[in-house]
Amino acid sequence: MSTLTPRATLGTAGDTRPAAPASGRRNSIDQVLWTFRGEVLWIVVFSAFANVLMLTPIIYMLQVFDRVMFSGNMLTLVAVTVFMVLFLCIMSFAEWLRSRLLVRAGNRFDEVLNERVFTAGFTAQLNQQRQLPTQPLSDLNALRQFLTGNGVFAVVDTPWTLVFIGALFLLHPWLGWLSVVFAVVQLVMGFGAHRMQMRSIKAGQKLGLEASQYLQAKFRNAETVEAMGMQSNLRTQWMALNERFLEQQAQSQEMAARVQSAMKWMQYTQQGLMLSLGALLVIDGKISAGAMVAANSLMGIALRPVGLIVQSWSQFADAQASYRRLNELLDAQTTQPVDPPLPEVRGQISLKGLTATAPGRKTPILHGIDLEFRAGEVVAIVGPSGAGKSTLARCLLGIWPGATGQVLIDGHDIRAWPRASLGPQIGYLPQDVELFEGSIADNIARFEKIDSGEVILAAQAAGIHDMVLRMPKGYDTPVGEAGDTLSGGQRQRLGLARALLRQPAIVVLDEPSANLDDQGEAALGRAVQALKAKGRTVFMIVHQKNLLSLADRVLVLDAGRVAQFGPVTAAPAPGQQVPAVNAKP
């Protein structure tokens with residue numbers, strides 16, 4: 001058997017992150033963005049072409065007003081018109097190229113990061129970090145949308161605002177200074193309006209989310225609400241929440257209307273004032289009529305990036321927040337190195353100083369447990385409610401975040417085993433069985449593409465093969481969302497079949513008979529006996545004394561401590577909560 005080098009131990013309480021690799025490299029977004037420097041350079045080049053060629057209509061107007069109309073030369077008019085059309089085609093082509101390049105870069109950005117973000121988000125959820133489960137992927141989507149939207153164009157086009165304003169100064173300094181004033185006023189008005197709107201919008205979103213979550217929670221328990229006549233009372237509470245949301249939304253819409261009217265007034269006013277100033281300069285003979293018309297168009301082109309910045313500011317703020325959250329999330333995770341092939345798990349488990357805690361709880365759930373479990377034995381875990389049985393089960397699997405100490409499998413820390421390699425060698429039936437949307441076969445196979453014979457063997461081991469065949473589509477029968485098309489007993493037996501897939505080396509069953517009938521309990525007993533005959537290590541959290549007969553040893557927990565641990569010596573008397581064992585830890 002090859003030697004494994006542990007990557008981490010169950011360090012401080014609440015910290016289950018793997019130790020950082022020796023290189024110290026982080027999964028930051030900065031490294032990913034740096035790989036797109038070539039695409040950014042080409043976007044800047046295409047933007048330069050597009051912005052320079054935006055001067056085409058202005059130069060065309062100057063030629064028509066100041067040359068063609070005075071000379072009356074039709075050939076000149078045709079020539080400048082042909083050149084105008086040609087340059088505008090090139091400008092459109094350059095804008096199309098940069099848009100296409102940006103979209104493709106955004107898609108590649110998502111492809112590079114989506115797997116890492118999914119894994120990091122899943123790990124954060126497993127570690128019970130306080131965030132929405134879908135927040136990381138939503139942040140990635142928001143960042144990708146910003147990188148492929150008008151916000152980037154506003155950034156790369158903004159330097160050209162100075163060029164266009166400089167062209168206005170060349171026409172006449174007064175025109176240039178007026179455009180500078182308009183740019184400053186537009187920025188101040190835009191950002192001021194944005195700050196006022198965002199406060200109102202966020203308040204409305206918070207109230208809307210509260211009302212929606214309240215309603216969803218009640219709909220999930222519609223049967224209980226209807227049975228006990230709670231609908232009217234709950235509706236009154238929801239209507240109070242919804243009324244606050246509607247009031248806030250009305251305020252937001254009114255403010256948005258005022259802002260839109262003010263910005264529209266500003267747009268029309270600046271066009272009129274620029275035209276008026278141009279006419280005054282024409283009357284004084286300081287510029288030509290063509291320059292007057294061109295100046296009005298040139299100011300619109302110069303202020304276009306400013307308007308884009310104002311419009312994209314909310315997207316920029318959201319993208320900045322997403323960027324910060326994703327960086328923190330990815331920097332908290334380390335890149336797992338490629339691991340050598342692992343030896344087959346034998347199932348010997350050692351606990352050394354295992355302590356488990358939970359957020360908001362002062363006392364630990366488990367207190368410094370030191371135990372040895374032999375490979376191939378069946379261990380029953382018993383004890384009163386709140387003794388820490390389910391927490392111990394999760395620690396044995398390495399999925400409890402607030403744990404210190406060590407859980408060793410075959411002498412190696414459980415976190416030294418890559419989960420992708422260890423997972424198929426572990427079977428787990430949680431107390432609350434969670435199935436996933438898909439078919440019965442998909443859930444038993446753990447959504448892996450495997451031979452159907454292995455799925456059938458697992459179903460037969462759990463005693464559900466005949467039950468599945470009686471269903472409308474057999475193994476292809478959909479289980480619905482979270483298995484809601486199945487009864488509690490069916491979900492539990494299906495979860496047992498999933499846990500028994502390929503007869504894994506370690507099987508943890510948390511109250512496996514809670515929802516089973518006599519037939520299901522008999523099938524469970526046969527499954528445990530089969531695992532025992534194959535030399536698999538089995539842990540059962542049980543309350544039924546008939547399952548204790550299957551155990552080699554019994555672990556009795558009380559208030560997070562080991563009360564007794566040893567083989568069963570006598571059946572529990574009536575009213576006795578724990579079996580008698582002949583050894584103490």
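Keep in mind it's a predicted model, so treat the numbers as computed, not measured.
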Margin query: Taking atom CZ as the centre, does Phe447 end up with more than 12 heavy-atom neighbours from other residues, nucleotides or ligands that are less than 6.0 angstrom away?
Written below: yes

Note to self: Could you go through Arg324 and Asn327, starting from their C-alpha distance and side-chain angles, then the distance that decides it, and tell me whether this counts as side chain to side chain donor-acceptor pair (under 3.5 Å)?
What the structure shows: CA-CA 5 Å; Arg324 184 179 63 255; Asn327 252 337; over 6 Å; no

Notebook entry, point to check: Nearest heavy-atom pair of Trp400 and Arg394: which atoms, and what distance?
Noted result: CZ3-NH1, 3.4 Å

Next item on the list: Could you tell me whether the side chain of Val82 reaches within less than 4.5 Å of the side chain of Val78, counting heavy atoms only?
Entry: yes

Note to self: Set out, in order, the CA-CA distance, both residues' side-chain angles and the distance that settles side chain to side chain donor-acceptor pair (under 3.5 Å) for Asp442 and Ser439, then state yes or no.
What the structure shows: CA-CA 5 Å; Asp442 291 334; Ser439 68; 3.0 Å; yes

Next item on the list: Name the orientation class of the two ring planes belonging to Phe164 and Trp160 (parallel below 30°, tilted from 30 to 60°, perpendicular beyond 60°).
Entry: tilted

Next item on the list: Measure across Val152 and Phe146 and return the closest heavy-atom pair with its distance rounded to 0.1 Å.
Entry: CG2-O, 3.6 Å

Notebook entry, point to check: Would the number of heavy atoms belonging to other residues, nucleotides or ligands and lying under 6.0 Å from CZ of Phe169 be above 12?
Noted result: yes

Check: Is the shortest heavy-atom distance from the side chain of Thr56 to the side chain of Leu53 under 4.5 Å?
Finding: yes

Item checked: Side-chain heavy atoms of Glu95 within contact of Phe49, under 4.5 Å -> no

Next item on the list: Could you tell me whether the side chain of Gln270 and the main chain of Phe182 form a donor-acceptor pair under 3.5 Å?
Entry: no

Check: Hey, are Glu39 and Arg108 close enough for a salt bridge, meaning a charged N less than 4.0 Å from a carboxylate O?
Finding: yes

Margin query: Restricting to non-hydrogen atoms, name the atom on Ala167 and the atom on Leu298 that form the minimum distance, rounded to 0.1 Å.
Written below: CB-CD2, 3.5 Å

Check: Which atom names give the shortest non-hydrogen contact between Ala295 and Leu168, and what distance separates them?
Finding: O-CD2, 3.7 Å

Item checked: Ion pair check, Arg502 and Glu448, cut-off under 4.0 Å -> yes

Checklist line | Heavy-atom closest contact (Val156 atom, Ser47 atom, distance) | finding: CG2-OG, 3.5 Å

Check: So, does Arg100 use its side chain to make a donor-acceptor pair with the main chain of Leu97 at under 3.5 Å?
Finding: no

Checklist line | Smallest separation among heavy atoms of Ile165 and Ala302, with atom names | finding: CG1-CB, 4.1 Å

